[in-house]
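Okay, structure first, notes after.
Numbering starts at 1 and runs along the sequence shown.
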Amino acid sequence: FFFSAVGGTNSSAVGRNSIVKFIKHLKQNRVTLPRGYPGRLTDEQLQICLDFRKRICADKDEDAADNIIRKEIVYAFHEIENEAYSICRYLRARDFDIVATLKMIDGYIPR
């Protein structure tokens, strides 16, 4: 299942490898893009990306059920877009405000 490869697993070795790869993609600058894209993040934006990823990948908090759906939404284009670009795309839409980004994503979750 896709999410086990992006941090939804109990294996700490896989989790460490996943976060290292994620940070590498966030720091890589493959093409010239404006700020807010992987490789063009400020230190603050990089930390926000890490915090957001940790938040949506949490499977042991009160939001665990919603986080499953949030991950499906954020990683919907995983076949053509790597994790760093997916997370940055959602955060850019709300100026790297995690609360506003989660509120936007939660608007897509049927209640």
Side-chain angles (χ1 to χ4, degrees):
F1 190 65
F2 171 71
F3 295 122
S4 64
V6 294
T9 180
N10 291 333
S11 170
S12 61
V14 171
R16 277 194 306 276
N17 290 337
S18 177
I19 192 73
V20 169
K21 186 176 181 180
F22 177 65
I23 292 171
K24 178 182 170 191
H25 282 137
L26 285 171
K27 290 183 174 183
Q28 276 183 333
N29 188 4
R30 296 182 180 189
V31 295
T32 302
L33 296 170
R35 287 283 182 197
Y37 285 83
R40 301 279 298 151
L41 298 172
T42 65
D43 290 340
E44 181 182 7
Q45 289 171 333
L46 176 63
Q47 187 59 53
I48 291 169
C49 287
L50 293 170
D51 293 344
F52 180 75
R53 181 183 189 268
K54 183 177 180 180
R55 179 93 178 255
I56 66 170
C57 290
D59 58 1
K60 297 199 187 321
D61 65 11
E62 67 275 358
D63 292 332
D66 282 347
N67 286 342
I68 292 169
I69 299 169
R70 288 173 178 154
K71 284 190 294 189
E72 288 179 9
I73 292 168
V74 171
Y75 300 133
F77 299 112
H78 71 272
E79 292 181 15
I80 59 171
E81 177 180 63
N82 77 36
E83 181 181 22
Y85 282 89
S86 297
I87 286 178
C88 286
R89 178 167 46 87
Y90 275 91
L91 288 168
R92 275 194 320 275
R94 294 297 178 261
D95 295 322
F96 284 82
D97 179 327
I98 291 176
V99 173
T101 303
L102 290 171
K103 185 176 179 181
M104 175 185 67
I105 293 168
D106 288 348
Y108 304 128
I109 300 173
R111 304 274 178 203

Is [Y] close to [X] at the side-chain level, that is, under 4.5 Å between some pair of heavy atoms?
X    : Y   : value
I105 : I69 : no
F52  : V74 : yes
K71  : C57 : yes
C49  : I23 : no
I109 : R70 : yes
I68  : D59 : no
R92  : R89 : yes

* To do: Could you check Y75 against I87 for side-chain contact (heavy atoms from CB on, under 4.5 Å), going step by step and ending with a plain yes or no?
  => CA-CA 8 Å; Y75 300 133; I87 286 178; 3.6 Å; yes
* To do: Show your working on side-chain contact (heavy atoms from CB on, under 4.5 Å) between E83 and R53 and close with a plain yes or no.
  => CA-CA 9 Å; E83 181 181 22; R53 181 183 189 268; 2.5 Å; yes
* **Shared hydrophobic cluster, Y37 / F77 (ILVMFWY, side-chain heavy atoms < 4.5 Å)** =>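 Result: no, two separate clusters.
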* Could you tell me whether a side-chain N or O of N82 sits under 3.5 Å from a main-chain N or O of Y85, the two making a donor and an acceptor? =>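 Side chain of N82 to backbone of Y85, a donor-acceptor pair under 3.5 Å: yes, one is there.
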* To do: Look at the side chain of D95 and the backbone N and O of D97, then say whether any donor-acceptor pair between them is shorter than 3.5 Å.
  =>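 Between the backbone of D97 and the side chain of D95 there is no qualifying donor-acceptor contact (under 3.5 Å).
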* Pair F96-L41, side-chain contact (heavy atoms from CB on, under 4.5 Å): steps then yes or no -> CA-CA 11 Å; F96 284 82; L41 298 172; 3.9 Å; yes
* **Separation of D51 CG from I56 CD1 (nearest 0.5 Å)** =>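 So the gap between those two atoms works out to 12.0 Å.
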* Out of curiosity, I73 CD1 to S86 OG, how far, rounded to the nearest 0.5 Å? ->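 The CD1 atom of I73 sits 12.5 Å away from the OG atom of S86.
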* To do: Determine, step by step, whether I98 and I48 satisfy the side-chain contact (heavy atoms from CB on, under 4.5 Å) criterion, reporting the C-alpha distance in whole Å, the side-chain angles of both residues, the deciding distance to 0.1 Å, and the verdict.
  => CA-CA 7 Å; I98 291 176; I48 291 169; 3.7 Å; yes
[X] and [Y]: which non-hydrogen atoms are nearest, and at how many Å?
X   : Y   : answer
Q45 : G36 : OE1-N, 3.8 Å
P34 : R40 : O-CB, 3.5 Å
N67 : A58 : ND2-O, 2.9 Å

* Indicate whether the side chain of R55 and that of T101 have a donor and an acceptor atom separated by less than 3.5 Å. =>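 No - no donor-acceptor pair under 3.5 Å links their side chains.
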